Structure formats: structure tokens, C-alpha cells
K.L.:
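Quick one: structure below, then a few questions.
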Amino acid sequence: MTDDQEDVASSSNYPIPGNEAEITRLERQHRVFQPAMMDLIEHGVEEDPVPGYKVLDVGCGIDMNDYFLHYARQINSHSSVKYRRCDISTCDDNLFPENYFNLVYFRLTLCWLSDVEPVLRKVHRWLTRNGRIMCIEPIFEGGFTYPYSAIDKKFGEAAKQLLSHGDAFIGARLPELFEMLNMRILYEEPFVLFGGPGSVYSHYIRDSSYYLCDLLLSHNLLSLEDVAMYKKRLENLERTPMSREYSQILVKFVALKQDSMMPRMMEENSSESNHRDANDSNRTLFSNDINQFT
């Protein structure tokens, strides 16, 4: 970030509030994702960045949560790093100049947005020639286990209702969106997280799932019995050896802005059945990828 002027944020759809418990969960998430992030940075950042190389971190370089921004400032207060409070979905296209950023980074951010396409168009405008988008985003069924039991499916359906504003399958849809913007994918790789006894991922998933269970209970989307059953399943899985049964699928991307932008408009009024077919094929694809790790 290179400008600390603050915008007025719109109302947030992010259901998990900014507080100390959420900061702890996100710190765990950072440790869990660090190996994938280092690999992504190797592919996403130019080998010899020129002086003035500008990076935009969408959440938490720009973010709509004051608590997260305050915490980020405490972690990195270098004079070259600036923070801004705004909503990437609703901020003006002219918030930053055209051809301004060399790199824009998203990590589990696009999945919270109700409409990703205009955000990517906006970011594309801010990118320099040969600028890059670097991201890690999920293909999320709504639960954290694989394959899905009856209680997992019930938890997943309830979670989708709570998170209905977002796009749980954005990791599967990004190639289509990048192609629409005439961006070339330089790097694409599935990233499968596995849980096991004492693993950092197990703690991260337990924290996330327990908090989500409480939210679902408070919104009357799950019963006390359902919550107890799901927590028991997670506890049992946490004690088992690392396996595909306790996993989460994400996808890492690096996409390059090409010289000329000739965006292809997506077909209007595409049927829900087409989306379901695409999601089914992606589930099959990434299920096959998981088998490589088991």
C-alpha cells in the first residue's frame, strides 16, 4: 500500500468479527499457509523488482475492519507501508491510478465477495503492464472433512446459508475470470491441507469450526445436537493420523496482465445447471489431486 488516506467502508458481510480470538485464528492460518505462500511468492514476484515496485495486499493492506488494520500497523509500521480502510467491492475505480501496482495479493479474500468479477476488473485497471495478481482461494464444500458424512453435509448446508453472500467455489472459477480479463495464468496449483494429531492445521480448523458452529447455532441454522455431533467428529479426526479425511482444498494462482485488455463478457443469464455441472467437474478434478497426497 502507498496511501494512508481512509475511505468510508460500507457495511461488511464478513460474519466473523475483528477481535483478539479472530487475530489468533488468523495467525494460525498464516503459519498453516506459510509453505504455500513462500512457493507462491517465488512464482508471483519478479526476480529483481525495480525500485518503486508497488504491492497491494487486499486484506489487510486495505481492509474494512479497523481492528485488523490496527493490528497490521503494529506488526509492520515501516514508512513505506501504508494502510487504508475501505471495501474493495464498493470503492471507487479511481481509488488508485491506472497502471499503479506491480502486484495485487489476495488470500482467502475473494471467497467472501458476492460478486468477484467487478473487483477483478477494478484491480486489473490498477495493475501495471505485466502486473500480476497472486492469490490463494478455496474450493469449499462448507465443511472441513473429506469425504463428507451426513453431519458434514448438514454443517456444510448451514454454513452456505450463513456465508451465502460469498463464493465458496471461487478457486474453481478463477481461470474463467482471468481468461475473461485476457490475463495469462503463469502458475496454478492445488494446495491440500491435512490435519493430524497436534498439527497446526488441526488447531486452526478446530478454532474456525467451533466459532462457525456457535454462529450457526445463534442463527438457528443448527441445533445443539447437530453442533455436538460435528464437534465430536472433529475431535475424533484430530486424533487420527494425517489423512485425506481431514483436509481443505485451496488453489494457488499467479496471473499476468497482458499488453492489451480485451475482456470477454461472460454469457448473460447462464443457467444454474451449467454452474452445477462445472462445480461437479471441478470437484472430480480436485478429488483426483487429493489422491496424490494419500
Side-chain angles (χ1 to χ4, degrees), residues 1-3 7 9-10 12-14 36-37 40-41 43-46 54-64 84 86-140 163-191 249-270 274-275 278-279 282:
M1 277 295 300
T2 55
D3 189 349
D7 287 333
S10 68
S12 171
N13 285 323
Y14 187 56
M37 289 166 58
L40 190 60
I41 289 169
H43 288 84
V45 179
E46 295 175 25
K54 296 181 177 66
V55 177
L56 174 64
D57 175 18
V58 182
C60 203
I62 61 172
D63 203 296
M64 45 189 177
R84 174 173 291 197
C86 77
D87 183 347
I88 188 68
S89 295
T90 59
C91 68
D92 193 275
D93 287 3
N94 297 314
L95 178 66
F96 299 107
E98 289 187 50
N99 306 312
Y100 189 68
F101 291 106
N102 302 91
L103 178 69
V104 177
Y105 175 56
F106 298 92
R107 187 183 79 188
L108 297 186
T109 305
L110 296 173
C111 60
W112 293 103
L113 306 181
S114 57
D115 194 356
V116 173
E117 180 186 336
V119 170
L120 290 181
R121 287 185 178 279
K122 189 182 307 182
V123 166
H124 185 279
R125 184 175 181 273
W126 297 338
L127 282 173
T128 60
R129 177 189 174 195
N130 294 326
R132 302 178 183 192
I133 291 176
M134 186 171 75
C135 59
I136 303 178
E137 294 294 337
I139 298 177
F140 180 57
L163 311 177
S164 59
H165 60 276
D167 189 341
F169 279 89
I170 188 59
R173 295 201 315 111
L174 278 171
E176 177 187 10
L177 292 170
F178 288 143
E179 182 182 6
M180 180 192 64
L181 292 170
N182 194 36
M183 296 190 74
R184 180 161 60 93
I185 295 177
L186 300 179
Y187 177 69
E188 175 182 359
E189 184 174 279
F191 173 50
I249 307 170
L250 303 104
V251 193
K252 300 177 287 184
F253 287 100
V254 176
L256 176 75
K257 179 179 179 179
Q258 302 188 101
D259 288 348
S260 61
M261 178 185 171
M262 295 178 292
R264 290 169 37 194
M265 298 303 293
M266 300 177 68
E267 294 182 9
E268 295 182 359
N269 303 319
S270 58
N274 288 337
H275 285 292
N279 287 339
N282 280 305

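Since the structure is predicted, the reported quantities are computational estimates derived from the model, not experimental observations.
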K.L.:
Could you tell me if the side chain of L127 sits less than 4.5 Å from the side chain of R132, heavy atoms only?
P.N.:
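No, every pair of side-chain atoms sits at 4.5 Å or beyond.
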K.L.:
Under the side-chain contact (heavy atoms from CB on, under 4.5 Å) criterion, do R84 and C91 qualify, and how do the steps go?
P.N.:
CA-CA 11 Å; R84 174 173 291 197; C91 68; over 6 Å; no
K.L.:
Let's go through V58 and V104 carefully: what are the C-alpha distance in whole Å and the side-chain angles of both, what is the deciding distance for side-chain contact (heavy atoms from CB on, under 4.5 Å) to 0.1 Å, and is it a yes or a no?
P.N.:
CA-CA 7 Å; V58 182; V104 177; 3.9 Å; yes
K.L.:
Between Y100 and K54, do the side chains contain a donor N or O and an acceptor N or O under 3.5 Å apart?
P.N.:
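Side chains of K54 and Y100: no pair found under 3.5 Å.
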K.L.:
Going from CG on L186 to CD on E188, what distance comes out if it is rounded to the nearest 0.5 angstrom?
P.N.:
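CD of E188 is found 11.5 Å from CG of L186.
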K.L.:
Can you tell me how far apart CG (L250) and CG (L108) are? Round to the nearest 0.5 Å.
P.N.:
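It is 6.0 Å, given to the nearest 0.5 Å.
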K.L.:
Find the distance between SG (C60) and CG (D57) and round it off to the nearest 0.5 Å.
P.N.:
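Output value for this atom pair is 7.5 Å.
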K.L.:
Just how far is it from atom CG of L174 to atom NZ of K252, taken to the nearest 0.5 Å?
P.N.:
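Here the rounded value is 14.5 Å.
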K.L.:
Within the 4.5 Å heavy-atom criterion, are L181 and R121 side-chain neighbours or not?
P.N.:
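L181 reaches R121 side chain to side chain.
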K.L.:
Could you tell me whether F253 and Y187 have their ring centroids closer than 6.0 angstrom?
P.N.:
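No; Y187 has its ring centre 6.0 Å or more from that of F253.
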K.L.:
Give the minimum heavy-atom separation between L113 and S89, together with the two atoms involved.
P.N.:
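Minimum heavy-atom contact is CD2-OG, 3.3 Å.
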K.L.:
Do N102 and R129 get their side chains close enough for a donor-acceptor pair, meaning under 3.5 Å?
P.N.:
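No pair is found: no donor N or O on one side chain lies under 3.5 Å from an acceptor on the other.
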K.L.:
What's the separation between atom CG in L110 and atom CG in L120, rounded to the nearest 0.5 Å?
P.N.:
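If I round to the nearest 0.5 Å, the distance is 5.5 Å.
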K.L.:
Would you call D93 and R125 a salt bridge, using N to O less than 4.0 angstrom?
P.N.:
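The answer is no: the pair does not qualify as a salt bridge.
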K.L.:
How long is the straight-line distance from CD1 of I88 back to CZ of F106, given to the nearest 0.5 Å?
P.N.:
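F106 atom CZ to I88 atom CD1 measures 6.0 Å (nearest 0.5 Å).
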K.L.:
Under a 4.5 Å cut-off applied to non-hydrogen side-chain atoms, are V123 and I133 in contact?
P.N.:
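Of all side-chain heavy-atom pairs linking I133 with V123, at least one is under 4.5 Å.
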